[in-house]
Amino acid sequence: MSSIYSEIILDYYRNPRNKGKLDRAQIRAKDTNPLCGDVIEIQMELDGDSKVKDIRFNGMGCAISQASASMLTELVKGKSLDEARKISKEDILSLIGGQLSAVRLKCALLSLKVMKTGLYNYIGSLENAKEELSSL
Amino acid sequence: MSSIYSEIILDYYRNPRNKGKLDRAQIRAKDTNPLCGDVIEIQMELDGDSKVKDIRFNGMGCAISQASASMLTELVKGKSLDEARKISKEDILSLIGGQLSAVRLKCALLSLKVMKTGLYNYIGSLENAKEELSSL
Amino acid sequence: MQKTVQYNVEKVRQDFPILQRIINGKPFIYLDNAATAQKPRQVIETLDRFYKEYNANIHRGIYKVSEEATAAHEEARAKVARFINARSPNEIVFVRGTTEAINLVAHAWGRKNVGLGDNIMLTEMEHHSNIVPWQLLAKEKGASLKYVGITDQGILERYEFQQHLQSGAKLFAVAHSSNVLGTINPVRELIREAHKTGCCVLVDAAQSVPHMPVDVQDLDCDFLAFSGHKMCGPTGIGVLYAKGNLFDEMVPFHGGGEMISEVHPYESSWKPPPYKFEAGTTNIEGAIGLGAAIDYLSNIGLRKIRLHEREITAYAIDKLSRTKGITIYGPSDPQARGGVVSFNLGDVHPHDMATLLDEDGIAVRSGQHCAQPLHERLGIPATTRASFYLYNTEDEVDRLANSLERVRGIFKL
Amino acid sequence: MQKTVQYNVEKVRQDFPILQRIINGKPFIYLDNAATAQKPRQVIETLDRFYKEYNANIHRGIYKVSEEATAAHEEARAKVARFINARSPNEIVFVRGTTEAINLVAHAWGRKNVGLGDNIMLTEMEHHSNIVPWQLLAKEKGASLKYVGITDQGILERYEFQQHLQSGAKLFAVAHSSNVLGTINPVRELIREAHKTGCCVLVDAAQSVPHMPVDVQDLDCDFLAFSGHKMCGPTGIGVLYAKGNLFDEMVPFHGGGEMISEVHPYESSWKPPPYKFEAGTTNIEGAIGLGAAIDYLSNIGLRKIRLHEREITAYAIDKLSRTKGITIYGPSDPQARGGVVSFNLGDVHPHDMATLLDEDGIAVRSGQHCAQPLHERLGIPATTRASFYLYNTEDEVDRLANSLERVRGIFKL
Ligand SMILES: Cc1ncc(COP(=O)(O)O)c(C=O)c1O
Ligand SMILES: Cc1ncc(COP(=O)(O)O)c(C=O)c1O
């Protein structure tokens with residue numbers, strides 16, 4: 001059986017991109033994966049009111065959660081809030097590659113959930129997005 | 001299948017012997033069958049310190065419990081305390097006749113248990129008799 | 001009486017291996033369904049498959065077998081939610097049975113919401129499991145119990161209900177269907193009235209969910225409790241439903257593994273419901289078996305089951321009432337009752353009755369059926385109860401009636 | 001290492017149908033026994049027979065099938081009593097599992113015996129199920145928790161234990177064997193010392209009773225708790241043992257049917273133990289299945305099982321410690337530990353480890369194993385745990401070691 005632990009995943013795990021904190025982030029969110037203890041925090045600094053000027057993640061946990069968070073930050077950086085909002089589950093999974101079981105899916109999607117929680121909170125529509133977030 | 005509800009059992013159920021109370025009983029005991037709600041109370045009046053001069057039972061419940069209590073009183077009346085103490089499970093069962101299941105056995109033996117509880121209590125050896133009583 | 005054409009009871013019977021038993025030389029007739037139901041092949045095989053193929057502890061296992069067990073367990077929760085039309089599987093907590101469900105509410109909701117001088121309203125027809133937890137809570141908190149009385153036919157006294165409501169009650173805990181009288185209480189209307197005064201309502205659905213369609217959104221109950229073993233599932237598994245975010249506001253019941261978010265030496269935090277109320281390893285195959293039972297019942301259809309039981313109950317009441325010296329308890333209208341027929345015959349004590357019927361291979365229950373206050377109200381020490389389910393037949397009722405004649409003969413009635 | 005001649009592990013394996021499974025193209029290797037054990041044919045068939053032949057509610061049923069079920073249920077209680085050498089079956093209460101057993105004690109004994117300012121003593125290696133119930137109790141009563149620390153090898157700090165005892169403790173709640181470190185605590189001596197100060201002792205035997213002979217009279221513990229599912233029995237069933245008449249002095253836990261002697265509208269009285277603590281319909285087939293599991297384990301012999309596990313654990317520690325970059329936790333002496341080996345390998349997160357081993361058909365557990373305070377003490381976020389039982393082989397350990405080499409390759413360690 002071929003492993004989902006590709007060279008790429010391991011590279012992102014060992015050499016995370018955009019890891020750290022931002023001093024002037026307008027968007028901040030944090031969550032944990034209660035089933036396995038992964039922690040992800042995401043901070044975003046906006047350009048005006050619509051564009052992600054900078055993004056950082058912080059956290060600890062498995063290679064899947066940390067690598068996918070790192071990959072997500074690269075994807076989001078420079079995008080408009082509207083574009084960031086449209087990033088889907090499938091986008092993240094195709095970046096990771098390989099098959100994930102239901103439990104590990106939670107690891108892979110934690111950062112997306114955190115990013116979207118922060119984003120919806122910022123634009124004031126967190127309540128309406130509950131269903132989307134709970135599907136992550 | 002032949003029923004354990006013989007004519008004799010029904011006669012004792014409908015026409016109980018020695019049912020009632022005694023004014024001058026030295027021995028009194030009462031117990032219930034928690035599994036099916038039968039209640040039996042037994043009172044014994046002694047002749048001196050060793051002989052059962054009179055005995056009465058009171059109670060309510062199924063035909064088996066009431067008939068066997070009635071039969072027991074007949075058996076005990078006139079006996080010495082020592083003889084009464086020796087009345088066994090098997091003595092009662094042979095009076096009743098027929099096969100009883102574990103649950104119904106409790107009904108049949110309730111009066112024996114009550115009689116012996118009162119008796120052991122009177123002669124001051126209730127503690128030692130715990131095992132015998134719990135086997136009834 | 002006209003038969004329901006689509007209901008093939010003989011086909012249903014073939015699913016239940018135990019119905020092939022011979023007891024005392026006679027075919028086994030099981031009429032103790034209000035105590036527990038028999039299990040169809042489909043449920044037995046589901047449990048067998050679990051043990052042989054994917055037995056594992058759930059939730060935290062990162063391997064295939066555990067993921068299969070977890071998925072099956074959570075699918076069972078979703079099945080329960082759909083079965084009673086809950087809004088979300090998060091409104092479903094797995095417990096041991098109805099009794100634990102009610103204790104959970106008494107502890108986790110009651111200790112927070114019921115205080116000194118408050119009233120808890122019950123009815124005279126409640127099962128001990130819907131009385132004792134409230135007695136314990138009332139004693140601890142200095143609250144009072146109020147009982148809604150019943151008519152001699154076993155119908156709730158609506159005027160008393162309204163009076164108690166007006167004096168103020170924090171909670172109304174009521175059986176949907178009585179396990180002795182068969183009475184089906186109009187819980188939908190009672191809930192509506194209770195809610196107008198801000199009174200919370202718990203429905204003890206132990207005798208309704210197995211036998212008829214129950215829709216928690218339609219009823220609008222706050223809590224609903226039932227047991228898996230009375231609906232063709234295993235023992236040791238049951239359900240507590242709580243509406244919306246009621247669970248969120250409740251304190252933990254049992255503490256331990258799996259119900260926690262974080263544990264530190266001197267303080268901990270909890271997972272969101274339903275997990276907050278499922279401490280330790282739960283009855284995993286029990287939940288999966290209950291899911292299989294729900295599939296089984298749903299495939300036949302709860303409406304059809306209810307119709308079949310109503311017919312057989314009407315037939316039984318009609319038939320048994322012709323036995324000289326019999327007294328049958330509960331409402332006379334079969335529309336207003338479930339498949340439970342309690343009776344007494346002359347001076348035959350119910351325990352003797354049960355033994356005599358057992359001699360003919362017929363299993364009934366005798367005693368107070370965990371409803372002592374109800375028997376006190378009716379002024380009788382005990383009753384014999386025949387209770388029906390989807391696999392019982394009119395032929396079995398006939399044999400019960402014949403046995404009653406035999407009992408009359410023996411007792412010379 | 002010398003083999004135990006009499007132990008035929010291949011024969012044992014044939015009793016467990018699930019061990020025939022193929023996972024991801026590889027034979028299934030089950031090393032998550034500390035979470036739950038697999039079930040032998042003998043237990044599965046006992047449950048099957050129950051459903052097909054004598055399924056009924058117990059205790060009050062006056063008919064053959066119910067009497068058979070009642071007898072089997074009470075025989076299971078007697079088997080449990082003999083298995084742990086209790087004085088009487090009345091010292092055995094059936095519960096859902098270890099977690100419920102401990103909650104029962106916290107509620108029914110704790111709320112009566114623990115008060116403001118009292119101390120409850122635990123250890124740093126406890127499972128959440130032996131921490132959270134005491135936190136809840138301590139918070140309610142204004143009592144304090146005291147933790148006995150451990151050495152880096154995972155051995156209890158005896159001096160700290162004695163100090164806490166001297167400051168006065170009402171209860172000492174301690175794991176017989178740790179589910180993470182494998183440490184077997186010297187509970188017999190600890191109990192002796194605790195009793196000298198009047199301190200009551202609860203032994204969490206979830207990880208000992210399934211794996212070694214345990215004798216409650218020899219230990220002289222006041223309470224002992226364990227789970228059926230970890231010893232080849234079903235989930236949803238477990239045991240709380242209490243010494244002598246301790247149960248008599250305790251208040252009820254759950255209220256409801258079957259635990260009562262009499263119920264009146266405003267007050268009730270209780271049955272004697274053990275029934276007082278078994279409210280409502282219990283997990284009947286669960287208890288009977290646990291009885292079958294006890295028969296199965298006893299037939300093989302707990303001494304032999306313990307010996308087999310000690311050998312395989314010694315072999316595993318020896319073998320795995322040759323993997324470069326591995327850290328193994330717990331005592332180094334295999335005599336002092338059960339069949340649990342927790343480890344970390346380089347910077348491989350345990351969750352990734354579990355997924356990678358699953359690719360090779362190997363089931364292990366990863367995370368904190370419901371022992372977060374212990375992981376905080378060890379200063380590590382998580383561990384991977386391989387845990388053994390009577391059916392595991394040295395060949396399986398070899399395959400685990402090979403897989404670890406594969407993981408090292410992938411992670412370029
Ligand atoms: C030491 C210990 N205590 C308690 C428990 C809890 O057992 P259960 O989940 O069966 O209630 C476990 C099992 O996970 C354990 O290993
Ligand atoms: C109306 C009612 N409530 C509660 C119960 C208790 O259910 P369980 O024993 O499954 O907890 C029963 C079953 O006996 C019942 O009939």
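Proteins come first, then strands; the chains are lettered A, B, ... in the order of their sequence lines, and each starts at number 1. Scope of the values below: all heavy atoms of this structure, side chains included, with no hydrogens, waters or symmetry mates.
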At a heavy-atom separation under 4.5 Å, does [X] approach chain D through its side chain, its backbone, both, or neither?
| X | answer |
| --- | --- |
| C/Arg111 | side chain |
| C/Thr355 | both |
| C/His107 | side chain |
| C/Phe16 | neither |
| C/Pro234 | both |
| C/Leu356 | neither |
| C/Glu376 | side chain |
| C/Glu67 | neither |
| C/Ile23 | side chain |

What residue, out of [options], has the most heavy-atom pairs lying under 4.5 Å from chain D?
| options | answer |
| --- | --- |
| C/Arg377, C/Glu262, C/Met259, C/His127 | C/Glu262 |
| C/Ile237, C/Ile260, C/Ile362, C/Val132 | C/Val132 |
| C/Tyr51, C/Phe28, C/Tyr30, C/Phe50 | C/Tyr51 |
| C/Glu140, C/Gln368, C/Lys230, C/Lys139 | C/Glu140 |

Which bit of [X] comes within less than 4.5 Å of chain C, counting heavy atoms only: side chain, backbone, both or neither?
| X | answer |
| --- | --- |
| D/Gln135 | side chain |
| D/Phe253 | both |
| D/Leu145 | both |

Would you find a donor on one side and an acceptor on the other, under 3.5 Å apart, between the side chain of [X] and the backbone of [Y]?
| X | Y | answer |
| --- | --- | --- |
| D/Thr235 | C/Ile284 | yes |
| D/Asn55 | C/Ala37 | yes |
| C/Gln20 | D/Glu53 | no |
| D/Asn103 | C/His254 | no |

If you look at every heavy atom in [X] and [Y], which pair is closest and at what distance?
| X | Y | answer |
| --- | --- | --- |
| C/Arg365 | D/Gly61 | NH2-CA, 3.4 Å |
| D/Tyr54 | C/Ile18 | N-CD1, 3.8 Å |
| C/Val65 | D/Arg21 | CG2-NH1, 4.0 Å |
| C/Gly257 | D/Ser129 | N-OG, 3.1 Å |
| D/Gln372 | C/His264 | NE2-CE1, 3.7 Å |
| D/His229 | C/Asn57 | CE1-ND2, 3.9 Å |

(message) Can you tell me which residue among C/Asp32, C/Leu31, C/Ile29 is in a side-chain contact (heavy atoms from CB on, under 4.5 Å) with D/Tyr63?
(response)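 Answer after filtering C/Asp32, C/Leu31, C/Ile29: C/Asp32.
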Highest number of heavy-atom pairs under 4.5 Å with chain C: which of [options]?
| options | answer |
| --- | --- |
| D/Gly280, D/Gly367, D/Gly361, D/Pro350 | D/Gly280 |
| D/Ala106, D/Ser66, D/Pro265, D/Pro133 | D/Pro265 |
| D/Ile131, D/Val364, D/Leu357 | D/Val364 |
| D/Leu136, D/Ile62, D/Val251, D/Val263 | D/Val263 |
| D/Gly238, D/Ser366, D/Ala354, D/Ala363 | D/Ala363 |
| D/Ala138, D/Ser268, D/Pro252 | D/Ser268 |

(message) Tell me if the centroids of the rings in D/Tyr266 and C/Tyr147 come within less than 6.0 Å of each other.
(response)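 That pair passes the under 6.0 Å test.
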(request) Run the salt-bridge test on D/Lys39 and C/Glu285 with the 4.0 Å N-O cut-off and return the result as yes or no. (result)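 Not counted as a salt bridge, because no side-chain N and carboxylate O are separated by less than 4.0 Å.
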(message) I need the contact set between residues 41-48 of chain D and chain C: heavy-atom distance under 4.5 Å, sorted by residue number.
(response)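 Within residues 41-48 of chain D, the residues that come under 4.5 Å of chain C (heavy atoms only) are D/Ile44, D/Leu47, D/Asp48.
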(message) So D/Thr281 and C/Thr36, do their side chains get closer than 4.5 Å, heavy atoms only?
(response)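 A side-chain contact under 4.5 Å is absent here.
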